[in-house]
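The basis for the numbers below is simple: all heavy atoms, side chains too, and nothing from hydrogens, waters or symmetry mates. Order of listing sets the numbers, starting from 1, for every ligand and every atom in it. We count residues from 1, following the sequence as given.
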Amino acid sequence: MTVAADLFPGGVNSPVRAYRAVGGEPPVLVRGEGAVVWDEAGRRYIDYVGAFGPLLLGHANRGVVEAIHSAAEAGGSFGVTGPGEVRLAQLIRKRMPSIERIRFVNSGTEAAMSALRVARAATGRDLIVKFDGGYHGHADSLLVEAGSGVATLSIPGSAGVARAVAAQTVVAAYNDLDSVEALLESHPGHVAAVIVEPVAANMGVVAPATGFLKGLRELTERAGALLIFDEVITGFRVAPGGAQALYGVRPDLTVLGKIIGGGLPVGAYGGRADLMDLVAPSGPVYQAGTLSGHPVVMAAGEAALAQLTPEVYAGIEAQAARLEAGLQVRGASVARVGSLLTLFFRERPPRNFAEARGSDVKAFAQFFHSMLEAGVLLPPSQFEAWFVSAAHDAPVIDVTLEALA
Ligand SMILES: *Cc1c(COP(=O)(O)O)cnc(C)c1O
């Protein structure tokens with residue numbers, strides 16, 4: 001790893017990969033198949049990182065690999081709209097009807113940033129409400145109190161963000177409608193949008209309290225602000241129609257990424273047609289991307305979504321529930337929504353980031369390393385979700401629980 005340390009800041013191309021929260025050196029992984037990954041020395045691990053979210057079908061899924069192969073054989077990006085983009089967009093809209101129109105981009109960061117631009121254009125307002133511990137990528141205006149990666153490094157947001165930009169973002173407490181109402185009331189006519197992870201998954205997993213998302217819908221409507229669901233993690237993971245289907249709340253705009261790229265770099269934002277029609281070239285909001293809607297990425301995403309049938313979701317739910325039931329660790333508690341799960345080193349699952357931060361991160365680091373030694377690779381931070389995939393079948397869960405013992 002010394003070569004990587006010399007080439008990349010902290011030896012990595014994304015901070016949480018550096019294992020700063022748990023200490024030690026990350027394994028050098030060279031191969032993955034299904035629920036299993038192998039390091040350079042040929043050691044195998046059961047993997048709950050799942051590339052931090054995209055791999056709902058596990059590593060090297062046959063259908064996805066074949067789709068990537070044939071799309072690559074057919075040539076690269078042609079700089080015009082292609083059939084792959086159309087097919088993936090149709091699959092997404094069928095599952096998420098609130099997305100009347102969509103724009104593909106290359107990362108969740110880009111998608112969230114662009115959705116905010118649309119919200120500001122639509123409302124003529126500047127302020128954004130986000131939640132403490134909510135992560136929406138690393139665009140300047142969203143790097144305020146931003147959860148896992150940032151929390152792991154214990155830096156309050158980020159250096160290099162202009163104060164004037166940061167001042168346009170105000171922060172509420174997750175699962176606390178009063179805190180949102182107070183912000184909307186103290187900035188009347190100034191809030192363009194409330195952006196939320198409908199299931200918080202970047203402070204560890206925190207489920208929305210009963211009525212929280214519906215309450216956000218009502219409060220934003222009353223204040224003339226838009227409601228943006230960041231479903232980069234939850235989209236097509238917690239239910240076939242994402243969190244908005246699971247909880248029955250229709251946002252104005254939705255941000256997607258991860259799963260819809262089948263493991264390749266992707267993002268998308270979409271929603272009400274009147275809002276999306278503000279985007280260039282049909283409207284005045286400029287947003288572009290040389291490789292957006294790349295045929296290889298679209299093919300991978302389509303192959304992934306096509307395999308995600310209700311039966312597959314039911315299977316994942318059953319195995320994730322078995323894992324939850326078996327995860328009995330002294331002084332710890334489990335939070336789970338579908339295939340998203342966190343073992344919190346505190347007595348009860350937290351309701352917000354302030355409570356999540358009260359977890360015993362030293363105990364987590366110790367647990368992480370004993371599981372690694374036993375051949376189970378967990379996300380290297382208390383504040384990251386474990387990702388169960390369709391490849392985590394009953395035997396895989398059994399081996400995981402044996403490792404726990
Ligand atoms: C990962 C993530 C993003 C950012 O996506 P990138 O592709 O890493 O830029 C945005 N929102 C949420 C909820 C995420 O988990």
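- Counting the atoms of ligand 1 from 1 in the order shown, those under 4.0 Å from a heavy atom of Glu197 are 13 (C).
- In this structure, the protein non-hydrogen atom closest to atom 11 (N) of ligand 1 is Asp230 OD2, 2.6 Å.
- Within a 4.0 Å radius of atom 7 (O) of ligand 1, the protein contributes one or more non-hydrogen atoms.
- Salt bridge status for Asp252 with Arg217: present, with a side-chain N to carboxylate O gap under 4.0 Å.
- Phe368 and Tyr19 have their aromatic ring centers within a separation under 6.0 angstrom.
- No donor-acceptor distance shorter than 3.5 angstrom exists from the side chain of Glu100 to the backbone of Pro97, with no hydrogens or angles considered.
- For Lys258, a nitrogen or oxygen atom sits less than 3.5 Å from a nitrogen or oxygen atom of ligand 1, counting backbone and side chain alike.
- Atoms of ligand 1 found under 4.0 Å from any heavy atom of Ser107 (numbered from 1 in listed order, with element): 7 (O), 9 (O).
- For the pair Glu317 and Arg336, the salt-bridge criterion is met [side-chain N within less than 4.0 Å of a carboxylate O].
- Inclusion of Ile233 in the set of residues having an N or O under 3.5 Å from an N or O of ligand 1 is not warranted.
- Remark: minimum distance from atom 5 (O) of ligand 1 to any protein heavy atom is reached at Gly108 CA, 3.2 Å.
- Between Tyr247 and Phe212, the gap from one ring centroid to the other reaches at least 6.0 Å.
- Counting heavy atoms closer than 4.0 Å to ligand 1, residue Val232 contributes side-chain atoms (C-beta onward) but none from N, CA, C or O.
- Contacts of Val255 with ligand 1, taken as heavy-atom pairs under 4.0 Å, are absent altogether.
- Distances between N or O atoms of His136 and those of ligand 1 include no value under 3.5 Å.
- Judged by distance alone, with hydrogens and angles left aside, the side-chain atoms of Gln382 form a donor-acceptor pair with the main-chain N or O of Leu343 at under 3.5 Å.
- A salt bridge links Arg222 with Glu181: at least one charged nitrogen is closer than 4.0 Å to a carboxylate oxygen.
- Between Asp398 and Arg322, at least one side-chain N (NZ, or NE/NH1/NH2) sits under 4.0 Å from a carboxylate O, which counts as a salt bridge.
- Nearest to atom 4 (C) of ligand 1 among the protein's heavy atoms is Thr109 N, 3.7 Å.
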